[in-house]
Amino acid sequence: MISIQSIFSRQPTEHGHSCPCAVEELAVPVQSTGDRCRAACGDTREAHVPSPVSANRLRPIVALISLSLLIALSSGLSATPTAVNVGAAEFTVFWESEVSGEPEVRVYADAGGTDEITADLRREAFPLAAPLSPYATGAERLAAADFKDSIGGRGLMTVRVSGASPDTAYFVEAGVRDDGGTFHAAKDGLVEVHTAASTPFVADFRIAAFTFEDAAETGSIAVLSAPGARSPLLAVVGDASGGLPHAVFPLGALVDDATGEPMPLDGTLSFEVSHYRGVDDRALMADAVMTDGGFRVAALTTRAFEMAVDVDVAYFQFDAVDDQMAGQPFMVRVTARTDEGAIASDFGGTLTLDSDGRLKAGESTAAFAAGVLEDHEVVIGNTGDFRLFATTTAVAATGESNVFRVSTDWENYASLFGDPAAERRREQRLADPEGTGLPALMRYGFDLAPGAAGLGDAVEVDETVDGDDRYASITFRRLQYAPDVRYIVHGTSDLNGWETLAVVEPGTPEWVTVEDGVPLANSGDGRFLRVGVVGDGVYEYWRVGEFGPAQIDDPSVSGPDADPGNLGIDNRTRYALGMSGIDPDLGLLPSRTVVTESGESFYRLDFNRLLLADDILYIVEATSDYPNWDEIAVIEPGEPAEVSVVDSTPIPDQGYRIIRMRIEPVPEP
C-alpha cells in the first residue's frame with residue numbers, strides 16, 4: 001500500500017531560527033540560517049510548499065502533508081510602493097521587495113493608518129490582465145501560476161485592490177508576508193491613492209506595445225508614465241500577449257489628473273517607460289513621443305464617453321437562489337426596482353457582484369435589458385452559507401440575495417477536475433493528472449484550485465508561547481459542507497511513530513488551528529507536525545471517526561483485526577456492516593433463513609453492505625465438508641443496501657450444511 005506524504009521539520013538553529021529540509025534531507029544537521037541552510041536544503045523560498053513523495057505504507061486514500069515551523073529573518077524592502085492603473089473602482093500597488101513571500105496590502109481610510117478597511121475591498125496578488133476562465137484546463141492554470149511565480153521570484157510585487165469607491169482617497173500599506181508568517185512592511189509609510197471620479201467606457205483605444213528581444217524578460221515589469229496623467233500604467237512582460245516578450249499598455253486607460261477624464265490621444269503624447277527586471281535592477285527604456293518607433297498602434301481612433309443614467313432605481317432584487325455545489329456554475333436573475341417596487345425598465349447598466357463566499361466567476365455582468373438581468377452565470381469556489389451582493393457605479397442602489405448553501409462532495413469535484421482515466425475512486429483520489437505534485441484528494445480536502453502547485457494557501461504553521469514553553473501549531477482550511485472527508489493531525493519528535501493529536505470533521509469556522517501538546521525543546525530537539533486528508537469509502541475513514549486519538553494509535557484496539565470488547569467481531573467486519581466500533585449493534589450481523597425451490601431447501605444469507613467502500617469485498621461461502629469452503633458469491637459494495645445470497649447446494653437430508661459471509665480486503669493494484 002502507498003501513502004502520499006511530505007514531511008518537514010521544525011529544526012531549531014543556534015539563533016533560534018529554523019530551516020525546512022525535505023524528507024530525504026532530514027538527517028542533515030542545520031547549524032544556522034543563511035548559506036548553510038541553503039546548502040543543506042536547497043532553495044528555501046518555496047520550502048513551505050512541498051511536493052508529496054512516497055513514504056510509509058499506510059492506507060492509500062490517506063493523503064498527508066507536514067510543514068515546517070519557519071521563523072524568517074527580517075529585512076527591508078527596496079522601493080517605495082507606487083499606485084498604478086488607478087480607476088474609479090480599482091487600483092494596483094507595485095513595489096520591489098528583498099523579502100520573498102506573498103505580497104499583501106492593508107488599506108486605510110485615514111493618513112494615520114488607524115482606520116483599516118476590511119469590508120468590501122478585494123485584493124488579488126499578481127493580477128493578470130486577462131483572468132483565467134473557471135473552465136481553464138489544468139495546463140492553463142499551471143502556466144498562469146508559473147507566470148505569477150516568475151514575477152514574485154524577481155522580487156516584483158503587485159496587488160490589485162478592487163471594489164473601491166469613485167473619487168475617494170485611500171491610504172495603502174504594502175508589504176510581504178514571508179514563509180514564517182511575518183509581515184515586512186515597505187518603507188516610507190502609507191501611499192495615498194485617489195480613485196477616478198467615474199469609469200470611462202472606451203472603444204477603439206490605442207495600444208503601446210514594447211517588444212523585448214530576450215524572452216527571459218517575461219515576468220519583468222514595465223511602468224509607463226505620462227505628464228499630466230493621474231497615475232502610471234503597469235504592464236507585465238508576457239501578460240496580455242500570449243506569453244510573447246511584449247509589454248502592452250492600453251493608452252485609453254490614462255486619466256487626466258486635472259479633469260478625471262481619459263487623456264486625449266489625438267496630438268503628440270510624450271511618456272517615459274521604466275523597466276524593472278528585479279530588485280534594484282531598473283532601467284529607463286525610453287523618453288518617447290507618439291511618433292517614435294518604440295511602440296506600435298493597434299487601433300486608429302479613440303472614443304471616450306460616460307454612461308449617462310437618469311433612472312429611478314431604489315434597489316436590485318435577486319430571484320431566490322437555491323442551494324448550489326462548489327465549483328459548479330449556476331444562473332442568477334436580478335431585477336432593478338423603483339421605490340414602489342415596479343421594474344425600473346429604463347435601467348440598462350451593468351452590475352458588479354460580490355459574495356461572502358469565494359466568487360470565482362460572475363463578478364461583472366452583462367447590461368440589463370428593460371430593467372432585468374437574465375441568466376447571469378456565477379461560480380462560488382468554497383463551501384458555506386453565502387449571499388450575493390450587487391453594486392454599480394451607475395446608481396447608488398444595491399441589492400443582496402437570500403442566504404443559500406454551497407456544498408461539495410468528491411463526485412462533484414471529480415466531475416470537474418478528476419482523472420477520467422482512473423477506473424476506481426481511490427485511483428482518482430490519488431491521481432495527479434496535472435503534474436502538480438499534489439494528489440487530487442488533497443486538493444479537494446484543502447479546497448485548492450486545480451493546478452495548485454503547493455499548500456501555501458491552505459496550510460500554515462506557527463508557534464504559541466505559554467509561560468516558558470513554546471508549542472508548534474498547524475492551521476489549515478477545511479471544507480465546511482462536505483460529507484466525505486476527515487482531517488487527521490499528527491505530531492512526533494523522532495519520525496519513528498506518529499501520535500494522533502486531533503481528528504477534525506468538515507464544518508465551521510473554515511480555518512482550524514490545532515496546537516501540539518508537546519512543548520518545543522530549546523535544546524535543539526525537533527518537533528514534527530502533519531495534517532492528512534482521509535476520504536470516505538476506506539477503513540481508515542471509519543476508524544478515525546469511531547475511536548479517540550489514543551485508541552487510533554493503538555492497533556490492538558482500532559486495527560482492522562482487533563476485537564474491542566472480545567465480542568468475536570473484528571473491526572473490519574464492524575466497518576463493513578455499518579456497525580459502531582465501540583458498541584456494535586449485533587442486530588446488523590448476517591442472518592440465515594431457509595428457502596424452498598423445486599421441492600428442495602436452501603440456506604439464504606441476508607446482510608447489509610456499504611454503498612461506497614473502495615477497500616473491501618463481501619465473500620459468501622458454504623460447506624458440507626468443513627474446513628473446506630466453496631465460494632458462492634463475491635459481492636462488491638453498492639446498491640441496494642440489503643443483499644440476499646442463496647446457497648447453490650441444497651441442505652442435505654443427512655449430514656450438515658454451513659453458510660457464512662466474510663470480509664476480504666481488496667488487493668492493492
Side-chain angles (χ1 to χ4, degrees), residues 87 89-90 92 120-145 147-148 159-164 199 239-240 316 318-334 349-369 372-393 398-409 411-418 434 443-444 446-452 457-458 477 479-482 510:
E90 66 178 26
T92 297
D120 300 328
L121 297 181
R122 298 177 296 280
R123 299 159 178 83
E124 179 184 3
F126 304 114
L128 300 180
L132 279 174
S133 161
Y135 309 107
T137 65
E140 290 171 336
R141 294 176 183 276
L142 189 58
F147 185 65
K148 292 184 178 185
V159 175
R160 179 162 56 205
V161 178
S162 56
T199 301
D239 190 14
F316 294 100
F318 285 81
D319 283 13
V321 180
D322 297 329
D323 291 347
Q324 303 295 332
M325 297 294 287
Q328 296 276 20
F330 61 95
M331 299 296 181
V332 297
R333 183 177 185 270
V334 188
T350 62
L351 291 180
T352 297
L353 297 187
D354 198 359
S355 175
D356 39 9
R358 289 201 297 276
L359 192 63
K360 303 185 74 173
E363 180 180 7
S364 300
T365 75
F368 278 56
V372 179
L373 175 67
E374 297 277 4
D375 294 334
H376 178 67
E377 187 173 279
V378 173
V379 178
I380 292 180
N382 59 324
T383 63
D385 291 329
F386 303 131
R387 293 169 296 173
L388 293 171
F389 306 96
T391 58
T392 178
T393 58
T398 61
E400 67 179 58
S401 74
N402 58 296
V403 176
F404 56 94
R405 176 160 295 182
V406 179
S407 58
T408 192
D409 56 33
E411 280 67 28
N412 163 56
Y413 185 88
S415 69
L416 293 175
F417 313 118
E434 297 168 323
R443 295 203 308 264
Y444 167 65
F446 289 122
D447 199 12
L448 293 168
D457 293 333
R477 183 172 61 209
L479 296 172
Q480 296 186 49
Y481 296 111
E510 182 180 9

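Side-chain atoms of Asn402 never come within 3.5 Å of backbone atoms of Ala320 as a donor-acceptor pair (strictly under, hydrogens ignored). Without hydrogens or angle criteria, Ser355 side chain to Arg387 main chain gives a donor-acceptor distance under 3.5 Å. No donor-acceptor pair under 3.5 Å is formed between the side chain of Thr383 and the backbone N or O of Leu479. No donor-acceptor distance shorter than 3.5 angstrom exists from the side chain of Thr398 to the backbone of Thr391, with no hydrogens or angles considered.
Atom-to-atom distance recorded for Ser407:OG and Asp385:CG is 10.0 Å, nearest 0.5 angstrom. Interatomic distance, Leu388 CG to Asp356 CG, rounded to the nearest 0.5 Å: 8.5 Å. The distance from the CG atom of Asp354 to the CZ atom of Phe386 is 12.0 Å, given to the nearest 0.5 Å. From Gln480, atom CD reaches atom CG of Asp447 across 9.0 Å, with rounding to the nearest 0.5 Å. Residue Glu363 holds its CD atom at 9.0 Å from NE2 of His376, rounded to the nearest 0.5 Å.
A pairwise comparison of heavy atoms in Glu90 and Ser162 identifies CB-CA, 3.7 Å as the closest pair. Residues Arg333 and Val372 approach most closely at NH2-CG1, 3.6 Å, considering heavy atoms. Nearest heavy-atom pair across Asp375 and Met331 is O-SD, 3.6 Å. When all heavy atoms of Tyr413 and Leu448 are compared, the pair lying nearest together is OH-O, 3.6 Å. Closest non-hydrogen pair, Leu373 versus Ala367, comes out as CD1-O, 4.3 Å. Contact detail for Thr392 and Leu351: the closest heavy-atom pair is CB-CD2, 3.9 Å.
You'll find the side chain of Gln324 stays beyond 4.5 Å of the side chain of Ile380, heavy atoms only. Taking 4.5 Å as the limit, some side-chain heavy atom of Tyr444 sits within range of a side-chain heavy atom of Asp409. Between Leu128 and Lys148 there is a side-chain heavy-atom pair separated by less than 4.5 Å. Residues Leu359 and Val378 meet the side-chain proximity criterion, which asks for heavy atoms closer than 4.5 Å.
In this pair, Phe404 and Phe330 present their aromatic rings perpendicular. The plane angle is above 60°, beyond the 30 to 60° band.
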What's the verdict on side-chain contact (heavy atoms from CB on, under 4.5 Å) for Phe389 and Asp120, showing C-alpha distance, side-chain angles and the deciding distance?
CA-CA 10 Å; Phe389 306 96; Asp120 300 328; over 6 Å; no
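Scanning for side chain to side chain donor-acceptor pair (under 3.5 Å) contacts around Asp323 gives an empty result, with sequence neighbours left out. With sequence neighbours excluded, no residue forms a side chain to side chain donor-acceptor pair (under 3.5 Å) with Arg477.
Within a 6.0 Å radius of CG in Asp457, other residues, nucleotides and ligands contribute 12 heavy atoms or fewer. For Asp319, the CG atom counts as densely surrounded, since its 6.0 Å shell holds more than 12 non-hydrogen atoms of other residues, nucleotides or ligands.
Phe368 and Phe316 have their aromatic ring centers within a separation under 6.0 angstrom.
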